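Atom set for the values below is all heavy atoms of this structure, side chains included, hydrogens, waters and symmetry mates excluded. Bear in mind that the values here come from a model prediction, so they are computed numbers and not experimental data.
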Amino acid sequence: MKKRIAALALAFVMVLGTVAVAAGTEKSITVTPMNMSVNGLEVTPTKSNGAAAEVFAYEGATYAPVRYLCDILGIDIQWDPQDPATAKLVNVPGMPSAPKAALSFTAGTYTAEAQGNNGPVKVELTVSADAITAVKVIEEAETPSIAGPALERIPAAIVSNQSLKIDAVTGATNTSKAILAAVEEAVKLAGGDVEALKNASVMTERPVGDQALTADVVVIGAGGAGLSAALEAKDQGAGKVILLEKMAAIGGTTFTSQGLIGGYDSKLQKSKGVELTFDQMYDNLMSNASYHLDQDLTTITLKKSGETVDWLADRVKLDINDVKVGYGPLQMMHTVNGGGAAMAGPFETALKEAGVELMLETKATELITDSTGAVVGVRAESKGSKIEIAAKGVVIATGGYANNPELTARLTPELAGTWGVGFPGSTGDGIIMASNVGAALTHTDDMMCVLKDYTIMSEHNGTSNSANNNGFMNLPNMIMVGAEGKRFVNEKDQGYMTQKLNAPIFDQMHKDKMGYVWAISDQAAVDATNGRTKRNEGLSYVTGNTIEEFAANLGVDAVNLKATIENFNAYVEAGYDQEFRRNEKEMAKLTAPYVAIPLVPCEIITYGGVARNDKAEVIRADGSSIPGLFVAGEASANSAYMGFTLTNCFAWGRIAGTSAANYVK
């Protein structure tokens, strides 16, 4: 539609210009740069080369190239269907598209709150008799690296626009919506017209226009891996390095972490007399991961771990202040003072000093290849503008896909039905782009899932925090059943963070053609936790005073459920679970009234992705590398597990950055 409008605009200008010339060929035509006023806004359209667009002046009339207003300024053109020579310009950038409605409030300061990503977001609204004068977020528990831009921008936009029609900040949708919802409630308290504010026009940002850029190395994704890759590429001699990040802030999953970095033989460990061997580290990591890792690549992660910690402290200037026992018996977990959020300042400073060009809110969409299959650039988009970057080398560091359950189901159908509760930016963009140019994918059947409340996920826009089961899985008499009312697993053989339960739960879900399984306990067990075990969002457990009533409320077979509960109670008395060999110390009788919660495994970290070699070069299924393409971090994480997720990102980011720099020299 836009191209058609642009064509009509061009035709309109050309027709008028032709008529003007034909009407007086003895007259001269003046061509000058265009400076004009549109709906009261001074604009100067430019050509693709940056020069001012020219206009034709004749007999006192100026004929403006309307196509520039459409294509360059992003102004909508509404043509009069009865008169093709008449058009109305609307949505002029930088100006409201319609007059503001008069506002009316009871002057004062009001507070209200709404549910954010990690809990309530409380705002303070100050109004005069006819305007919003201030909006402040006064209480919140949001993740700084995700919500920070929203906490800053949304309140300011509400005040400057006198409107609630504000777009969410990229990657911080839940926080943005929470602020807007809380302000809406405060407006009601102030006697304001909420609907008028929700329909009030806002200032629109003028599009930058399409761009054609060049770089030696482009790094896609500014999480731990991408930041390390960009810095290392610069340090190893790459000329121009551009770092693309689709979110509004750098950091990715890394800056949301606790800041724990696994490693051995670091300077800090040596200063504390901590001595560990490679074999100890390897056995511990592989045991935690049930040996579901690439042995050769994991070996590199471990051998690089100590020097990676030292690099973070010396090069990036992270405050790594202690090393603790964690994720096993070894004193290997290096702690960043202030956690992941405290990494932001040092990395921002390091990027600036190194001369890395950072482009935020810029999403890479496609890799560019030449006739040989080598990667020679990146296509991206930002705020309505298209960007094409010619590059000698590209590093993919876009993270995993723990917020893209559709991709999970496509890659690994046996995991279909999961919900995404991972980092908002973890949608598998780089994995998809690499696959589209021939990259092999590996290890996609392995991910970390956590059990969440299905009803909250499906009906209440659930998050990892809001859909928490709050200890229900730890109740001593908790059992799990499917649609038939039968147990299907040893419920206490959960493994690390319930990971061993994921596969049987997915299998049962698929067998039942349901999106969840039931976890069952009783009211006495819940009460014994003194309020800690409860459903969120104000929901109550599904209950029943008798097994028959309970089965009806659950929608499961009553005869089978009765037998299941009676058999389980008999196992408790006998001290032996004949069906699933559950430990007698982890069993207790079930008694009425019964309670239940529907649970579903939700993906939070993925461990599969783009296949690579020991130089971080992306490889095809035949083992050959794709020239000019490298990968690091969770986009290719089959060399890390809990305790080494950050180590993997930083270590392989540096490897990828070094390889990319060497490739482009």
key: All salt bridge (charged side-chain N to carboxylate O under 4.0 Å, His left out) counterparts of Lys270, not counting sequence neighbours   = Asp265
query = For Asp429 and Thr427, does a side-chain donor sit closer than 3.5 Å to a side-chain acceptor?
reply = yes
note = Across all chains, not counting sequence neighbours, the salt bridge (charged side-chain N to carboxylate O under 4.0 Å, His left out) partners of Arg379 are Glu366, Glu388
message = Main chain of Val169, side chain of Arg153: is a donor-acceptor contact present, judged purely on distance under 3.5 Å?
response = no
message = Tell me whether Gln258 contacts the main-chain N or O of Leu260 through its side chain, where contact means a donor paired with an acceptor under 3.5 Å.
response = no
note = From the list Val218, Thr369, Asp370, side-chain contact (heavy atoms from CB on, under 4.5 Å) with Val375 holds only for Thr369
remark   = Looking only at heavy atoms, the pair that brings Gly400 and Thr606 closest together is CA-OG1, 3.3 Å
request  = Answer yes if the side chains of Ser382 and Ser385 hold a donor-acceptor pair under 3.5 Å, and no otherwise.
outcome  = no
task = Apply side-chain contact (heavy atoms from CB on, under 4.5 Å) to the pair Gln499 and Met448, showing each step before the final yes or no.
result = CA-CA 7 Å; Gln499 294 313 294; Met448 175 165 284; 3.6 Å; yes
inquiry  = Ignoring hydrogens and geometry beyond distance, is a side-chain donor-acceptor pair present between Thr298 and Gln295 at under 3.5 Å?
reply    = no
key: Reported CG-to-NE2 distance for the pair Leu318 and His334, which is rounded to 0.5 angstrom   = 12.5 Å
Atom pair CG/NZ of Leu244 and Lys363 - distance to nearest 0.5 Å = 12.5 Å
inquiry  = Run Asp322 and Lys272 through side-chain contact (heavy atoms from CB on, under 4.5 Å) and show every step you take.
reply    = CA-CA 9 Å; Asp322 201 2; Lys272 292 179 175 292; 3.6 Å; yes
query = Under 30°, 30 to 60°, or over 60°: which ring-plane class applies to Phe650 and Phe347, parallel, tilted or perpendicular?
reply = parallel
query = Would you say the side chains of Trp652 and Ser636 form a donor-acceptor pair under 3.5 Å?
reply = no
note = dist Met281:CE -> Met286:CE (nearest 0.5 Å) comes out at 13.0 Å
key: Donor-acceptor side-chain pairing of Arg620 and Ser625 below 3.5 angstrom   = no
remark   = To the nearest 0.5 Å, atom OH of Tyr401 lies from atom CD1 of Ile432 at 10.5 Å
task = Give the C-alpha distance, both sets of side-chain angles, the deciding distance and a yes or no for side-chain contact (heavy atoms from CB on, under 4.5 Å) between Leu231 and Trp311.
result = CA-CA 11 Å; Leu231 286 174; Trp311 178 83; 4.3 Å; yes
ask   = Is the side chain of Thr418 donor-acceptor paired with the backbone N or O of Leu415 at a distance under 3.5 Å, no angle test?
value = no
ask   = Got more than 12 heavy atoms from elsewhere within 6.0 Å of CD, Glu357?
value = yes
ask   = Between the side chains of Thr408 and Glu603, does any donor sit under 3.5 Å from an acceptor?
value = yes
request  = Could you verify whether a donor N or O on one side chain and an acceptor N or O on the other, from Asn321 and Thr335, lie under 3.5 Å apart?
outcome  = yes
Reported OG1-to-NZ distance for the pair Thr214 and Lys240, which is rounded to 0.5 angstrom = 4.5 Å
request  = For the pair Lys267 and Asp314, find out whether any cationic side-chain nitrogen is under 4.0 Å from an anionic carboxylate oxygen.
outcome  = yes
message = For a quick check under 3.5 Å, do Asn118 and Thr143 share a side-chain donor-acceptor pair by atom type?
response = yes
request  = With rounding to the nearest 0.5 Å, note down the distance linking CG in Leu330 to CG in Asn284.
outcome  = 4.5 Å
ask   = Do Glu634 and Ser426 have side-chain atoms, one donor and one acceptor, less than 3.5 Å apart?
value = no
inquiry  = Surrounding CG of Asp167 (heavy atoms of other residues, nucleotides or ligands, distance under 6.0 Å), is the total greater than 12?
reply    = no
request  = Using only heavy-atom distances, determine whether the side chains of Ser624 and Asp622 contain a donor-acceptor pair under 3.5 Å.
outcome  = yes
ask   = Could you walk me through whether Ile179 and Val137 pass the side-chain contact (heavy atoms from CB on, under 4.5 Å) check?
value = CA-CA 8 Å; Ile179 297 170; Val137 178; 4.2 Å; yes
query = Is the number of heavy atoms from other residues, nucleotides or ligands within 6.0 Å of NZ (Lys136) greater than 12?
reply = no
query = With a 3.5 Å cut-off and no angle check, do the side chains of Asn174 and Asn461 form a donor-acceptor pair?
reply = yes
key: Partner set under salt bridge (charged side-chain N to carboxylate O under 4.0 Å, His left out) for Lys615, not counting sequence neighbours   = none
